[in-house]
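It should be emphasised that the depicted structure is a prediction, and the values quoted were computed from it without experimental measurement. The residues of the chain are indexed from 1 along the displayed sequence. Only this structure's heavy atoms are used, side chains among them; waters, hydrogens and symmetry mates stay out.
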Amino acid sequence: MAAPSGGVNCEEFAEFQELLKVMRTIDDRIVHELNTTVPTASFAGKIDASQTCKQLYESLMEAHASRDRVIKNCIAQTSSVVKHLREEREKNLDDLTLLKQLRKEQTKLKWMQSELNVEEVVKDRSLKVFNERCRIHFKPPKKE
């Protein structure tokens, strides 16, 4: 699933996580998708498995790239906010509200950065399952 066209709300981490959850649907359902679209040996003649695997691979790559963009965009936005708050904090060391806001944004930034690690695990799992079922039908292009 591609990123929503209305943009992504990076302000609220819960909304950000919910969006990623929805965007990871293709990865969550890959086993089901492969079981229903890639034929076993007894049904091999009825469906073009190479085309089916190719389309699924392209969908996976598009979903991975889209999520990667969303995560990195939110990290960049939040990093910018943290930088701005740090600068403000240096000008006004006594402002506890500013300190609290800075800490909150720093925590959110760490959570967003951890989503990159989660994304790696999700991608690896999906590609492993994909390769197990599609390796004889479709060879993905080599990454440079």
**Report entry** Trace of the side-chain contact (heavy atoms from CB on, under 4.5 Å) decision for Q51 with H137
**Finding:** CA-CA 8 Å; Q51 186 62 31; H137 303 294; over 6 Å; no
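For the side-chain contact (heavy atoms from CB on, under 4.5 Å) test, residues two or more places apart in sequence or in another chain that qualify with N73 are Q77. Residues satisfying the side-chain contact (heavy atoms from CB on, under 4.5 Å) test with R29, not counting sequence neighbours, are T25. Annotation: salt bridge (charged side-chain N to carboxylate O under 4.0 Å, His left out) contacts of K91 (sequence neighbours excluded): E88. Residues passing the ring pair (Phe, Tyr, Trp, His ring centres under 6.0 Å) test with F138, sequence neighbours excluded: Y57. Residues passing the side-chain contact (heavy atoms from CB on, under 4.5 Å) test with E58, sequence neighbours excluded: K54. E119 meets the side chain to side chain donor-acceptor pair (under 3.5 Å) test with R24, R67; sequence neighbours excluded. N92 pairs by the side-chain contact (heavy atoms from CB on, under 4.5 Å) definition with D94, D95, not counting sequence neighbours.
Screening residues 48-102 for disulfide bond (SG atoms under 2.5 Å apart), with sequence neighbours left out, gives C10-C74, C53-C134. Applying the side-chain hydrogen bond (donor to acceptor under 3.5 Å, both in side chains) definition to pairs two or more places apart or across chains, those involving residues 121-131 are D27-S126. The ring pair (Phe, Tyr, Trp, His ring centres under 6.0 Å) contacts involving residues 63-106 comprise nothing, where partners must be two or more places apart or lie in separate chains. Applying the ring pair (Phe, Tyr, Trp, His ring centres under 6.0 Å) test to every pair with at least one member in residues 11-31, sequence neighbours left out, gives these pairs: F13-F16, F13-W111.
Using a 4.5 Å cut-off on side-chain heavy atoms (C-beta onward), V81 and L85 make contact. Residues Q17 and E115 are in side-chain contact: their nearest non-hydrogen atoms beyond the backbone lie under 4.5 Å apart.
The OG1 atom of T78 sits 13.5 Å away from atom NZ of K110, with the distance rounded to the nearest 0.5 Å. With rounding to the nearest 0.5 angstrom, the CD atom of E90 is 8.5 Å from the CZ atom of R86. With rounding to the nearest 0.5 angstrom, the CE atom of M23 is 10.0 Å from the CG atom of D68.
No side-chain donor-acceptor contact under 3.5 Å links S66 to the backbone of E62. In this structure, the side chain of R103 does not engage the main chain of T107 through any donor-acceptor pair within 3.5 Å.
Nearest approach of L109 to I75, heavy atoms of both residues: CD1-O, 3.7 Å. When all heavy atoms of E33 and L56 are compared, the closest pair comes out as CG-CD1, 3.8 Å. I26 and L60 get closest at one heavy-atom pair: CD1-N, 3.9 Å. The heavy-atom pair separating L34 from R133 by the smallest distance is O-NH2, 3.6 Å.
If you chain together hydrophobic residues whose side chains sit under 4.5 Å apart, L127 and V31 fall into the same group. Cluster membership for M61 and I30, using ILVMFWY side-chain heavy atoms within less than 4.5 angstrom, is shared. The hydrophobic clustering, which links ILVMFWY residues whose side-chain heavy atoms are closer than 4.5 Å, places L116 and M112 together.
Applying the under-4.5 Å side-chain rule to Ile, Leu, Val, Met, Phe, Trp and Tyr, the cluster around V118 extends to V122.
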